[in-house]
Colleague: 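I have a structure here, written as structure tokens, and I will follow up with some questions on it.
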Amino acid sequence: MCGIVGYIGSNTAVSVLIDGLKNLEYRGYDSAGIAMNNDSKINVYRAEGKLSNLCNVLSSSSFDEYTKGIGHIRWATHGAATLDNAHPHKSNDGSVVLVHNGIIENFKELKSELTEKGYNFFSQTDTEAAANYIDYCYKSSVSLEEGVIKAVNGLKGAFAFCIMSENEPDKIIAVRKNAPLIVGLGENENFIASDIPAIIGKVSKIIYLDDGDIATVTKDNIKVKDFAGNVVNKKVETIAFEAEAISKRGYKHFMLKEISEQSDIIRNTLAERLTGTNLPINLAGVKVEEILSKTKRIEIIACGTSLHAAMVAKNIIEAFAGIPVSIEAASEYIYRKNITDAETLVIGISQSGETADTITAIKQAKDKNSHIMVVTNREDSSIVRYADSLLPLRAGIEVSVAATKSYTAQLVSLYLFALKLAEAKKTVDNIDLRKFKQELLEIPAKLEQILSGSKSIKEIADKYYKIKDFFYIARGANVATAMEGALKLKEISYINANGYPAGELKHGPIALLDENVVVMSVLMPNSSTYDKIISNCEEAKARKAKLIAVTSSNDEYLNVLFDEIIKIPEISEELSPILANIPLQLMAYYISDNLGREIDQPRNLAKSVTVE
Ligand code: M6R
């Protein structure tokens with residue numbers, strides 16, 4: 001949510017900044033801006049909307065002499081997506097220029113304090129209050145660094161800043177508190193970014209700033225202090241991703257690329273962890289014995305798609321390991337009195353590891369001495385620092401805002417965990433344990449089979465893409481599949497789509513059904529509720545809804561009942577959510593593509609939601 005990039009060196013800054021922002025565009029696209037410094041002045045260029053608009057603004061000028069700069073891509077929080085609210089923001093006299101990711105919670109107080117001191121405000125943002133406040137503190141300090149240290153102690157909330165001043169043109173100051181920021185180390189040049197994709201391919205060595213770090217970055221030096229002004233020694237690490245990870249590799253959209261690579265991703269997720277049906281599951285990083293020695297119940301906390309993975313996890317952990325599991329949206333968990341305690345295993349699931357709600361919830365649980373297990377795709381993310389146990393997804397960088405490969409990797413990882421608990425507790429007999437392991441090992445091949453049939457899924461999407469209402473129904477663990485299918489469709493196509501437990505249809509939503517509605521149902525033939533869901537589909541058919549099935553069933557009657565059938569390979573009901581979701585991802589993709597949507601960057605959304 002919002003992206004930041006900074007460059008200081010001997011090369012032209014503009015291309016580094018624009019390249020960096022391009023790779024961060026998935027974090028926000030309400031406006032974009034850069035500020036560049038040529039040692040005598042700082043010029044700011046901004047544009048509403050996508051980065052391409054900023055590129056148009058910049059296209060007629062040459063910026064060869066500007067070798068330092070900061071850039072920003074905005075997802076609007078305080079203040080509409082207008083030019084006035086676009087970053088970078090300047091202090092009144094222009095001596096401080098900054099970009100910001102996060103929210104300054106006490107900006108109203110600061111604004112009124114600063115107004116009394118004669119400062120004027122030209123935007124509705126919290127960020128402008130920070131720019132003027134830093135300027136105010138700087139004016140009574142011997143250096144920009146000292147001014148920033150004074151100012152950050154008076155700011156409340158979450159902030160990652162890149163700050164420049166015309167008075168000290170040889171440096172950029174980077175600050176991190178509850179919003180990620182890294183410094184990339186080059187030869188005679190250094191970089192700052194809110195996430196690795198911004199600097200991937202440009203440097204291989206980075207420093208992860210921690211909360212409370214202030215880095216003064218020059219072209220040949222990086223000095224880090226804490227908010228009290230004490231020097232902090234930082235570890236230099238190597239970037240774990242190749243530039244290839246953020247290329248579309250010829251696909252029209254990142255989403256399609258990410259859907260298509262899922263069988264390889266799952267091979268990676270399973271590698272070394274599950275190597276044979278007679279061998280124990282090996283989850284290095286997960287302290288299974290410690291967990292089992294003290295866990296009476298499990299709480300899983302997540303948001304969005306990760307919450308759907310949590311729904312599946314509840315089903316399988318209870319079924320395989322017999323441990324009670326509750327799940328909750330992080331944004332709800334953090335504002336209610338809960339019963340989390342030292343005997344609760346708290347699992348935080350977050351693809352990005354930067355979701356503010358999930359991090360806050362995990363921090364709260366940590367304070368209650370719960371064992372914290374983090375399931376994330378980003379081992380370098382903020383949530384990891386609270387983890388007692390860590391289960392990385394190994395899905396590679398996910399660029400598309402719509403989560404696809406990370407969801408499948410979350411499911412497979414959580415199945416491994418549930419089966420590991422069952423193995424340790426002996427709650428599933430050996431024959432079944434071997435069967436489930438065998439099924440997991442077969443997942444990549446079955447994913448390939450589904451993906452190779454994507455043409456027929458596209459044909460169905462071509463037929464129905466103009467429909468304005470979709471219902472997704474299922475039972476058991478696939479209720480999560482229905483909800484995830486609906487979320488995927490609505491977020492990228494803007495079509496009204498809702499997921500329900502199939503049995504709930506008759507308790508209200510059925511009132512909406514008519515010939516203009518599509519009902520997508522997931523039904524597994526070996527399920528105890530197969531006949532029930534058939535009845536639910538009959539009820540929908542009686543209201544003239546169009547029916548599409550995702551199933552592995554060969555039941556002839558389905559050809560009579562359904563308008564379309566999408567076949568998936570046979571799989572046990574327990575593991576079916578892994579496969580059943582893939583056609584729904586493809587349906588959402590093809591429908592949205594037919595509608596000409598901006599699939600990788602859907603309106604109003606951002607990849608990681610770093611504000612509560
Ligand atoms: O990074 P996280 O898994 O914590 O993100 C949670 C949600 O914001 C995310 O899943 C969101 O719902 C996606 N856009 C879904 O495609």
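Just so you know, these numbers use all the heavy atoms, side chains as well, and skip hydrogens, waters and symmetry mates. When a ligand or atom number is given, it counts from 1 through the structure's own listing order.
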Colleague: With under 30° as parallel and over 60° as perpendicular, where do the rings of Phe471 and Tyr500 fit, or are they tilted in between?
Modeller: parallel
Colleague: Using heavy atoms and a 4.0 Å limit, tell me yes or no: is Val401 in contact with ligand 1?
Modeller: yes
Colleague: To check your reading of the model: name the closest protein heavy atom to atom 8 (O) of ligand 1, its residue, and the distance in Å.
Modeller: Val609 CG2, 4.0 Å
Colleague: Specify the protein heavy atom at minimum distance from atom 9 (C) of ligand 1: its residue, its atom name, and the distance to 0.1 Å.
Modeller: Thr305 N, 4.1 Å
Colleague: With heavy atoms of Ala402 as the reference, note each atom of ligand 1 found under 4.0 Å away.
Modeller: 16 (O)
Colleague: Is there a donor-acceptor contact under 3.5 Å from the side chain of Lys446 to the main chain of Pro569?
Modeller: no
Colleague: Can you report which non-hydrogen protein atom sits closest to atom 1 (O) of ligand 1, along with the distance?
Modeller: Ser352 OG, 2.7 Å
Colleague: Look only at the side chain of Ser352 and the backbone of Glu354, and say whether a donor-acceptor pair between them is shorter than 3.5 Å.
Modeller: yes
Colleague: Can you tell me the protein heavy atom closest to atom 3 (O) of ligand 1 and the distance?
Modeller: Ser306 OG, 2.6 Å
Colleague: Among Leu393, Asp357, Thr355, whose heavy atom sits nearest atom 4 (O) of ligand 1?
Modeller: Thr355
Colleague: Given that the side chain starts at C-beta and the backbone is N, CA, C, O, which of these parts of Glu354 lies under 4.0 Å from ligand 1, counting heavy atoms, or is it both or neither?
Modeller: neither
Colleague: Quick one: which ligand 1 atoms are inside 4.0 Å of a heavy atom on Ser350?
Modeller: 1 (O), 2 (P), 3 (O), 4 (O)
Colleague: Give me the residue, atom name and distance of the protein heavy atom closest to atom 14 (N) of ligand 1.
Modeller: Glu491 OE1, 2.8 Å
Colleague: If the plane angle is over 60° it's perpendicular, under 30° parallel, otherwise tilted; pick one for His253 and Tyr589.
Modeller: perpendicular
Colleague: Okay, side chain of Glu318, backbone of Val325: is any donor-acceptor separation there less than 3.5 Å?
Modeller: yes
Colleague: Under the side chain to side chain contact (heavy atoms under 4.5 Å, CB included) test against Leu586, which residue among Thr404, Ile457, Ile460 passes?
Modeller: Ile457
Colleague: Strictly distance-based, threshold 3.5 Å: is any side-chain N or O of Asp213 a donor or acceptor partner for the main-chain N or O of Arg176?
Modeller: no
Colleague: Only heavy atoms of Lys488, strictly under 4.0 Å: list the atoms of ligand 1 that pass.
Modeller: 15 (C), 16 (O)
Colleague: Is the backbone of Leu393 close enough, under 3.5 Å, to the side chain of Gln410 for a donor and an acceptor to pair up by distance?
Modeller: no
Colleague: Can you confirm, on distance only, whether ligand 1 has an N/O atom lying under 3.5 Å from any N/O atom belonging to Ala403?
Modeller: yes
Colleague: So, Asn282 side chain and Arg273 main chain: donor-acceptor pair closer than 3.5 Å or not?
Modeller: no
Colleague: What protein heavy atom lies closest to atom 6 (C) of ligand 1? Include the residue and the distance to one decimal.
Modeller: Cys303 O, 3.3 Å
